[in-house]
Amino acid sequence: MKNHRNTYEESPERLKDLVKNSADMKGQRSPSKPTRSGLLREHERHLKMLTDGSLPVKNMLLPLPYPPSRVSLKDSRCRKIRLEDLRIDCRDPSNIIVLRTIASPYIYSSTITAAEDEMGHVARLTVCNLEDTMVDPIIPESSILAIKQPCWSILVDGGVHIRVDHPSDLVILDGDEGTVPETWQKEVKCEEDKSTKEWKREGDMCFLKKRFRRALVCYNNGLHALDDSPSTNTATAIDLHRKKCGVNIVLLRLDDAAKDLAEAISLSNSSFQPSAVEEWLHNGSIDDPLQISPSIPKPLLELSSRIKFDLGIYQSAPHYDLPLLTNYVGPLSLHLDAPNYICDTEIRQTANHGRGVFSKKEFKAGELIAVEKAFVLPGYFIQDRGSDCLLYNLGNETAAQRPGALLFRELVQKLRWNGSLRGQFFELDAGDYDKDYSVGEKNGHAEDGVVDVFQIEAIRQRNCFSVPTRSIDLLNEQYNRHQEMRNGFWNHASYINHSCIPNSVRTFIGDIHLLRATRDIKAGEEITHQYISPEVDILERQEKYMGTWGFECDCPLCAADGCISKEARDQRLALFNELKAAVMRTGGQGPPTITAIKRIAKMTARLESLYPEDIYTNLPRLALVHPTLFLVEAWRGVRNTDKTIEFAFKLLRNFGIIAKVQSRKLEIEQQAGLINVESMRCLIYLKEGYESKGEGKLAEECLEVAKRWYGVVTGVSVGWEEFLRSV
Ligand SMILES: C[S@@+](CC[C@H](N)C(=O)[O-])C[C@H]1O[C@@H](n2cnc3c(N)ncnc32)[C@H](O)[C@@H]1O
């Protein structure tokens with residue numbers, strides 16, 4: 001059994017201990033020196049395990065943070081060192097080491113290989129956060145690499161390896177650079193002499209086999225091998241650029257894809273300069289002043305639309321065919337071609353919550369405030385256990401489940417390859433992460449591909465959303481029980497601050513985020529939403545906000561709860577728990593008895609008395625929500641219409657929605673009200689009640705509000721009739 005332990009997939013627990021206990025080894029030389037045969041034997045064993053398929057969950061690890069090197073290999077500060085010069089955990093940004101890999105890589109949660117320096121000394125090399133695959137390895141055997149700021153990192157088995165966390169700290173060399181040892185230079189093979197046609201064919205084969213990087217090389221070589229006959233060449237060159245563009249899109253290299261497409265378009269119509277086409281692809285607008293789209297062939301048009309949507313297009317009104325988008329989206333089709341609508345909101349400094357999003361115009365309750373396509377929303381088969389992974393951050397001792405881990409991975413890839421998208425992202429809140437490490441464009445360190453993976457993770461943690469495939473699916477209990485939520489990232493929405501009693505609700509259709517007003521909003525008001533639904537107990541909810549986002553909420557509800565003495569709050573919580581247990585006891589054998597309902601109503605009334613009216617005038621009373629919901633449904637179950645109506649109004653009140661009937665008209669005041677599935681359901685119960693009392697008009701008014709709230713809660717009106725039938 002011992003022989004089969006996978007020491008390549010490091011246990012985070014053991015690594016955490018190691019980080020704590022190895023501080024005193026910092027600066028020392030390697031305690032062990034592997035032999036070439038020992039290292040290769042061990043590597044072979046792990047590779048075999050990988051092909052055998054006996055694989056654990058992927059544990060991705062982020063050690064203690066350190067910044068990526070910004071020293072280029074051509075920089076005069078750059079100093080070449082050897083394996084024997086390396087020290088434990090000592091990174092000097094000016095140092096580089098040139099290595100040659102001596103084995104095929106093991107690619108799982110990271111890329112692991114064996115490498116030698118020019119003295120013939122060997123080491124295990126671990127490169128993390130690469131978009132690497134076994135069919136298309138980035139560093140196959142015999143690759144020549146320069147590693148920036150190399151050092152030894154301790155392994156749990158007592159050995160050491162060179163660990164690279166920032167992908168930009170790894171530079172793959174062609175073999176003819178001055179930094180490459182002479183003996184290795186001679187061994188670098190020249191690419192074969194092939195015709196354009198042959199390169200294209202090989203590129204196509206590689207594409208089919210998902211060897212995307214190799215396909216790019218082949219198409220590039222094909223372009224270089226073009227002969228001098230212009231007539232046949234133009235069509236071939238357009239085709240090769242188009243193919244390259246497609247591969248770059250798959251690899252999330254949108255900037256490169258735009259370059260290739262611009263070349264292809266310009267070749268197909270010489271009145272367009274490549275630079276003008278590239279600018280059009282990047283301009284974020286639906287406008288096409290040069291009239292490029294009507295003048296290009298369909299395949300190029302399709303690619304241009306793909307690139308423009310992925311880079312972000314903006315429109316000035318919330319015009320969307322939401323039923324169409326809703327019906328299109330499914331677990332395998334998350335990504336939509338939809339423009340953003342964010343122009344009626346703006347990002348500004350708040351008084352004491354950092355930056356926030358503000359309305360630039362009035363919004364009516366239910367109206368769309370903003371619509372945004374995801375910057376990144378990983379698409380993967382939820383059921384695919386092979387994509388299971390966890391991301392351990394040893395710096396702040398947090399662990400992200402698969403949705404967060406996969407989002408992190410894709411963020412790194414997208415940011416690394418698209419300089420045009422970096423500036424926006426690195427402006428976002430990274431919490432306590434030391435901004436001095438930052439290499440975002442705003443700091444003027446836009447060296448190609450240099451992104452700080454620790455900063456990306458800090459930004460992800462603070463700003464990502466947990467999302468269903470579509471928010472309407474959350475109304476379906478089956479879905480709720482079985483579906484894992486994904487993690488996605490939306491740049492504009494990342495500026496929205498939290499409030500426990502917000503004025504907007506966020507919903508999703510695939511990768512589209514919709515924000516709707518829960519009540520009328522004035523121009524200039526700050527837009528808020530709930531990061532998570534607030535816990536009943538203020539201390540518990542503040543702990544959660546502090547734990548994940550580092551803030552203490554000071555919304556009116558938290559201020560009110562803060563006015564209540566600890567003793568009274570404890571009393572409230574004890575009664576709340578007692579009620580919860582009493583409600584649980586009624587479950588099981590048929591509907592609750594009238595005696596049980598009355599007992600719970602009495603306890604609920606006692607709990608209500610613990611909410612002073614002068615403090616909670618129109619604020620939600622969270623502890624009362626669930627018992628009151630139980631009572632509404634229980635009275636409805638025994639067909640007591642008057643009681644159902646009475647408790648439905650109480651439930652709305654407990655959500656902070658002050659509703660009453662005045663002169664046989666429904667009046668609703670919801671400045672601090674929580675609009676959610678339960679409050680919407682409550683209105684449907686009221687509609688039913690009034691219907692059975694022959695109050696048709698009141699019933700209709702309740703239904704109208706319920707329908708508006710359905711739009712807020714799901715983002716769309718699709719499925720309303722079906723939902724109504726299911727209540
Ligand atoms: C998603 S960002 C929101 C935008 C952020 N204010 C900014 O300047 O980038 C989340 C961060 O905003 C701040 N924040 C959000 N809601 C807050 C609130 N109710 N009170 C205080 N700070 C808040 C916290 O620092 C939190 O980590």
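All ligand and atom numbering here is 1-based and tracks the order in the structure.
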Practice task
Have a look at ligand 1 and work out which part of Ile496, if any, has a heavy atom under 4.0 Å from it: side chain, backbone, both or neither.
Solution key: backbone
Exercise for the section: Go through the steps to decide whether Thr507 and Arg516 satisfy the test side chain to side chain donor-acceptor pair (under 3.5 Å), and finish with yes or no. Expected result: CA-CA 8 Å; Thr507 51; Arg516 283 189 191 271; 5.6 Å; no
Exercise for the section: Check the side chains of Gln571 and Glu567 for a donor-acceptor pair under 3.5 angstrom, ignoring hydrogens and angles. Expected result: no
Handout entry: Contacts of type ring-ring contact (aromatic ring centres under 6.0 Å, His included), residue His282, not counting sequence neighbours
Key = none
Handout entry: Distance from atom 10 (C) of ligand 1 to nearest protein heavy atom, with residue and atom
Key = Tyr531 OH, 3.3 Å
Problem - Distance from atom 14 (N) of ligand 1 to nearest protein heavy atom, with residue and atom - result: Asn497 OD1, 3.3 Å
Enumerate, atom names and distances included, each donor-acceptor pair closer than 3.5 Å involving a side-chain atom of residues 404-413, sequence neighbours excluded.
residue, atom, partner, partner atom, Å
Gln413, NE2, Leu251, O, 3.1

Exercise for the section: For atom 2 (S) of ligand 1, find the nearest protein heavy atom and state the residue, atom name and distance (0.1 Å precision). Expected result: Ser494 O, 3.3 Å
Exercise for the section: Would you check whether Trp549 has a nitrogen or oxygen atom less than 3.5 angstrom from a nitrogen or oxygen atom of ligand 1? Expected result: yes
Exercise for the section: Could you tell me whether the side chains of Asn487 and Arg460 share a donor-acceptor contact shorter than 3.5 Å? Expected result: yes
Practice task
Can you pull out the closest protein heavy atom to atom 16 (N) of ligand 1? Residue, atom name and distance to 0.1 Å, please.
Solution key: His498 N, 3.0 Å
Completion exercise
atom 5 (C) of ligand 1 has as its nearest protein heavy atom Arg355 O, 3.5 Å
Practice task
Do me a favour and list the nearest non-hydrogen protein atom to atom 23 (C) of ligand 1 with residue, atom name and distance?
Solution key: Phe551 CG, 3.6 Å
Practice task
Tell me, yes or no, whether the heavy-atom count around Glu131 atom CD, taken from other residues, nucleotides or ligands under 6.0 Å, exceeds 12.
Solution key: yes
Problem - Backbone or side-chain N or O of Asn352 under 3.5 Å from ligand 1 N or O - result: no
